[in-house]
Q: 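Sharing a structure, written as structure tokens. Questions coming.
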Amino acid sequence: MRIGKARAHTNIALIKYWGKANNQLKLPQNSSLSMTLDAFYTDTNFQLLEQSTTTESSFSLNNVVQEPASSRRVFDYIETLQDRYRLPHDKFKIQTTNHVPTSAGLASSSSAFAALAQAFVAAYQLDVDKQELSRLARLGSGSATRSIYGGFVEWQKGTDDQDSIAMPIDEQPTIDLCLLAVEINFASKGISSTAGMQQVVNTSPYYGVWRTEAERGVIQMKQAIKANDFTAIGTLAERSALAMHALNFTANPPFTYLEPETIHAIKLVEQLRIQGIECYFTIDAGPNVKILCQLRNVKEITERFKEELGNVNIIKASFGPGVINLD
Ligand SMILES: Nc1ncnc2c1ncn2[C@@H]1O[C@H](COP(=O)(O)OP(=O)(O)OP(=O)(O)O)[C@@H](O)[C@H]1O
Ligand SMILES: C[C@@](O)(CCOP(=O)(O)OP(=O)(O)O)CC(=O)O
């Protein structure tokens with residue numbers, strides 16, 4: 001019985017990916033840049049079943065066997081990988097645990113599909129390098145492309161399956177940079193990232209500007225990282241997040257992931273900054289806010305958020321590693 005086991009950490013985009021140029025290959029409209037986190041990860045076992053078995057393929061998430069509708073994306077993904085390597089459609093059993101809230105804008109799909117890609121190649125004993133692994137992860141979820149590497153990672157948009165890959169910028173950054181995930185609401189979101197970004201690409205008259213600015217943002221962010229410039233990193237990350245959420249209001253029909261508490265958190269970050277406590281925010285496809293700050297300010301920022309937002313849960317993260325083979 002062949003089995004592959006892997007762990008992948010989530011990543012948070014500092015310059016966001018928001019829109020596909022090709023839905024099937026998940027080629028993005030713009031390049032993006034992220035930090036891989038240590039605090040949130042997914043562990044996945046991918047087991048190939050004996051050919052003679054009458055057992056059907058299964059997908060269990062956090063110890064709960066998923067219904068066919070919830071398993072579809074994962075099953076289709078495995079078939080795509082099997083086809084890519086001209087493998088038979090073997091049946092399989094996937095057991096996975098998210099040490100991160102699922103579908104709540106905390107990038108569970110980034111760690112999920114990076115771990116699954118690695119577990120798949122391990123089970124089939126495929127000789128695959130990290131660039132190919134980042135292609136495989138992309139076929140599951142765009143943001144998963146970047147979780148193959150640790151630290152700061154760029155996803156170069158490329159033009160086709162071959163060159164749309166992740167590139168490590170600095171796998172073990174020394175910059176003093178922490179991320180505080182503020183739990184506004186960990187319920188699953190109403191509109192998935194996949195659907196939200198599609199709606200924006202199809203209908204927003206501002207989409208062209210988004211693309212140009214995102215490419216510029218990646219170049220500027222790489223310069224900021226090279227210069228160890230926390231202020232520039234935070235400023236650019238905040239601008240990218242605001243642009244993405246502003247874009248959602250310009251879709252037809254418009255939509256937003258922001259909740260009143262999200263705006264409250266944004267205002268608090270601004271206030272803290274005015275008071276000399278330097279911090280910035282970023283927000284993904286959900287209401288939760290992630291604060292970028294330096295270690296010396298973690299305690300004070302945490303206390304202020306708990307005071308102002310009613311004892312919310314706050315999880316501290318820093319840089320995490322790339323995908324790990326657990327065998
Ligand atoms: N461990 C896992 N293994 C396989 N698939 C998973 C796993 N965890 C989540 N998924 C799938 O990933 C998808 C969740 O991704 P979605 O993009 O909706 O949210 P998210 O990743 O939490 O947020 P974000 O928009 O910030 O990426 C769902 O289809 C879910 O079934
Ligand atoms: C806001 C984001 O987190 C959106 C991530 O979207 P997904 O990677 O979840 O979308 P699919 O490619 O359709 O699976 C920004 C980012 O991670 O760059």
Side-chain angles (χ1 to χ4, degrees), residues 6-37 40-46 58-64 66-67 69-78 94-120 137-147 153-155 157 164 166 181 186-201 210 214 217-218 237 240-241 243-245 247-248 257 282-288 290:
R7 170 172 298 175
H9 289 74
T10 66
N11 69 78
I12 290 294
L14 301 177
I15 303 295
K16 309 288 183 198
Y17 143 61
W18 199 239
K20 293 184 187 65
N22 177 315
N23 287 329
Q24 206 185 350
L25 294 173
K26 296 193 171 55
L27 303 179
Q29 289 270 2
N30 63 274
S31 301
S32 54
L33 196 153
S34 60
M35 82 183 263
T36 305
L37 303 177
F40 306 113
Y41 59 93
T42 297
D43 282 339
T44 298
N45 287 3
F46 178 84
S58 64
F59 167 49
S60 89
L61 175 60
N62 299 337
N63 285 321
V64 178
Q66 302 293 296
E67 294 299 318
S70 315
S71 306
R72 196 67 268 151
R73 177 170 174 175
V74 166
F75 284 9
D76 288 349
Y77 176 61
I78 297 302
I94 296 170
Q95 289 172 300
T96 182
T97 309
N98 284 343
H99 298 269
V100 53
T102 304
S103 283
L106 272 164
S108 65
S109 66
S110 68
S111 52
F113 286 94
L116 192 49
Q118 172 60 49
F120 177 92
R138 163 170 49 75
L139 296 172
S141 178
S143 54
T145 314
R146 299 181 306 241
S147 274
V153 186
E154 179 183 1
W155 173 14
K157 76 177 166 113
S164 185
F186 277 178
S188 287
K189 58 200 175 213
I191 177 163
S192 69
S193 310
T194 310
M197 67 175 79
Q198 188 62 41
Q199 194 158 313
V200 162
V201 172
W210 160 264
V218 169
S240 175
M244 180 194 125
H245 290 277
L247 202 59
N248 297 340
Y257 296 104
T282 183
I283 306 161
D284 284 321
N288 299 305
K290 287 79 141 186

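Note that the coordinates shown come from a computational prediction; the quantities given were computed from them, not determined experimentally. The figures that follow rest on heavy atoms only: side chains count, while hydrogens, waters and symmetry mates do not. Atoms within each ligand, like the ligands themselves, are counted from 1 in listed order.
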Q: May I have the step-by-step check of side-chain contact (heavy atoms from CB on, under 4.5 Å) for W210 and M244, ending in yes or no?
A: CA-CA 8 Å; W210 160 264; M244 180 194 125; 3.9 Å; yes
Q: Any nitrogen or oxygen of T42, main chain or side chain, under 3.5 Å from a nitrogen or oxygen of ligand 1?
A: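 By distance alone, the answer is no.
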Q: Is S110 in polar range of ligand 1, meaning some N or O pair under 3.5 Å apart?
A: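 By distance alone, the answer is no.
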Q: If the cut-off is 4.0 Å to any non-hydrogen atom of A13, which atoms of ligand 2 fall inside it?
A: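 In order of number, 16 (C), 17 (O), 18 (O).
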Q: Do R7 and D43 pass the side-chain contact (heavy atoms from CB on, under 4.5 Å) test, and can you show the C-alpha distance, the side-chain angles, and the key distance before you say yes or no?
A: CA-CA 4 Å; R7 170 172 298 175; D43 282 339; 2.7 Å; yes
Q: With a 3.5 Å cut-off and no angle check, do the side chains of S111 and T10 form a donor-acceptor pair?
A: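 Side chains of S111 and T10: no pair found under 3.5 Å.
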Q: Run down the list Y17, Y257, F113 and name the one with the heavy atom closest to atom 5 (C) of ligand 2.
A: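 Minimum heavy-atom distance to atom 5 (C) of ligand 2 goes to Y17.
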Q: Heavy-atom distances under 4.0 Å are what count here, so tell me which part of R146 touches ligand 2: side chain, backbone, both or neither.
A: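 Side chain only.
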Q: Pairs of nitrogen or oxygen atoms closer than 3.5 Å, one from S109 and one from ligand 1: do any exist?
A: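 It does: an N or O of S109 is found under 3.5 Å from an N or O of ligand 1.
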Q: If I compare all heavy atoms of G196 with all of Y257, which pair ends up nearest, and what's the gap?
A: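 Minimum heavy-atom separation between G196 and Y257: CA-OH, 3.8 Å.
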Q: With side-chain contact (heavy atoms from CB on, under 4.5 Å) as the criterion, how do E154 and V218 come out once you've worked through the C-alpha distance, each side chain's angles and the decisive distance to 0.1 Å?
A: CA-CA 8 Å; E154 179 183 1; V218 169; 3.6 Å; yes
Q: So do the side chains of T97 and N63 get within less than 4.5 Å of each other, counting heavy atoms only?
A: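 Contact flag for T97/N63 side chains = no.
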Q: If we only consider heavy atoms of W155, is any one of them less than 4.0 Å away from an atom in ligand 2?
A: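 The answer is no, since W155 has no heavy atom less than 4.0 Å from ligand 2.
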Q: Is S109 near ligand 2, meaning one of its heavy atoms is under 4.0 Å from it?
A: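 Contact check S109 vs ligand 2: positive.
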Q: Contact between ligand 2 and M197 is defined here as a heavy atom of the residue under 4.0 Å from a ligand atom; is it met?
A: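 Yes, that is the case, since the closest heavy atom of the residue is under 4.0 Å from the ligand.
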Q: What closest approach, in Å, do A137 and A114 show between heavy atoms, and which atom pair accounts for it?
A: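 Heavy-atom minimum between the residues: CB-CA, 4.1 Å.
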Q: State if Q198 counts as touching ligand 2 under the rule of any non-hydrogen atom under 4.0 Å.
A: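 Judged by the 4.0 Å heavy-atom criterion, Q198 does not count as contacting ligand 2.
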Q: Ignoring hydrogens and angles, tell me if any N or O in the side chain of T145 forms a donor-acceptor pair with the backbone of A166 under 3.5 Å.
A: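 The answer is no, because no donor-acceptor pair under 3.5 Å joins these two groups.
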Q: Only heavy atoms of M244, strictly under 4.0 Å: list the atoms of ligand 2 that pass.
A: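 That gives atoms 1 (C) of ligand 2.
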Q: Quick check on contacts: which atoms of ligand 2 are under 4.0 angstrom from a heavy atom of K20?
A: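 So the atoms of ligand 2 that pass are 11 (P), 12 (O), 13 (O).
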Q: Is there a polar contact between ligand 2 and S32, counting only N or O atoms under 3.5 Å apart?
A: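 Not met; the criterion fails.
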Q: Below 4.0 Å, non-hydrogen atoms only: which portion of L61 touches ligand 1? Side chain, backbone, both or neither.
A: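 Contact part for L61 vs ligand 1: side chain (C-beta onward).
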Q: Quick one: which of S193, G286, S143 has a heavy atom closest to atom 8 (O) of ligand 2?
A: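 Residue with the shortest heavy-atom distance to the ligand atom: S143.
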Q: Which atoms of ligand 2 are found less than 4.0 Å from any heavy atom of G142?
A: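 Within the 4.0 Å cut-off of G142, ligand 2 contributes 8 (O), 11 (P), 12 (O), 14 (O).
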Q: I15 and S31: which non-hydrogen atoms are nearest, and at how many Å?
A: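 Taking I15 first and S31 second, the nearest heavy atoms are CG2-O, 4.4 Å.
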Q: Would N11 count as being in polar contact with ligand 2, using the rule that some N or O on each side must be under 3.5 angstrom apart?
A: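 The answer is no, given that N11 and ligand 2 share no N or O pair closer than 3.5 Å.
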Q: Evaluate K16 for polar contact with ligand 2, using N/O atom pairs at a separation under 3.5 Å.
A: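 No; every N/O pair is 3.5 Å or more apart.
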Q: For atom 17 (O) of ligand 1, state which one of G286, A285, S193, G142 supplies the nearest heavy atom.
A: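 Answer by nearest heavy atom: S193.
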Q: Would the number of heavy atoms belonging to other residues, nucleotides or ligands and lying under 6.0 Å from CG of N23 be above 12?
A: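 Enclosed.
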Q: Based purely on interatomic distance, does K26 place a nitrogen or oxygen under 3.5 Å from a nitrogen or oxygen of ligand 2?
A: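 N/O-N/O distance below 3.5 Å does not exist for this pair.
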Q: For the 3.5 Å polar cut-off, considering only N or O atoms, please tell me whether A285 and ligand 2 meet it.
A: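 No, since none of the N or O atoms of A285 sits under 3.5 Å from an N or O of ligand 2.
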Q: Atoms of ligand 2 less than 4.0 Å from T194 heavy atoms?
A: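 Close to T194: 11 (P), 13 (O), 14 (O).
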Q: So for ligand 1, is S70 a polar contact partner (N or O within less than 3.5 Å, distance only)?
A: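 The answer is no, given that S70 and ligand 1 share no N or O pair closer than 3.5 Å.
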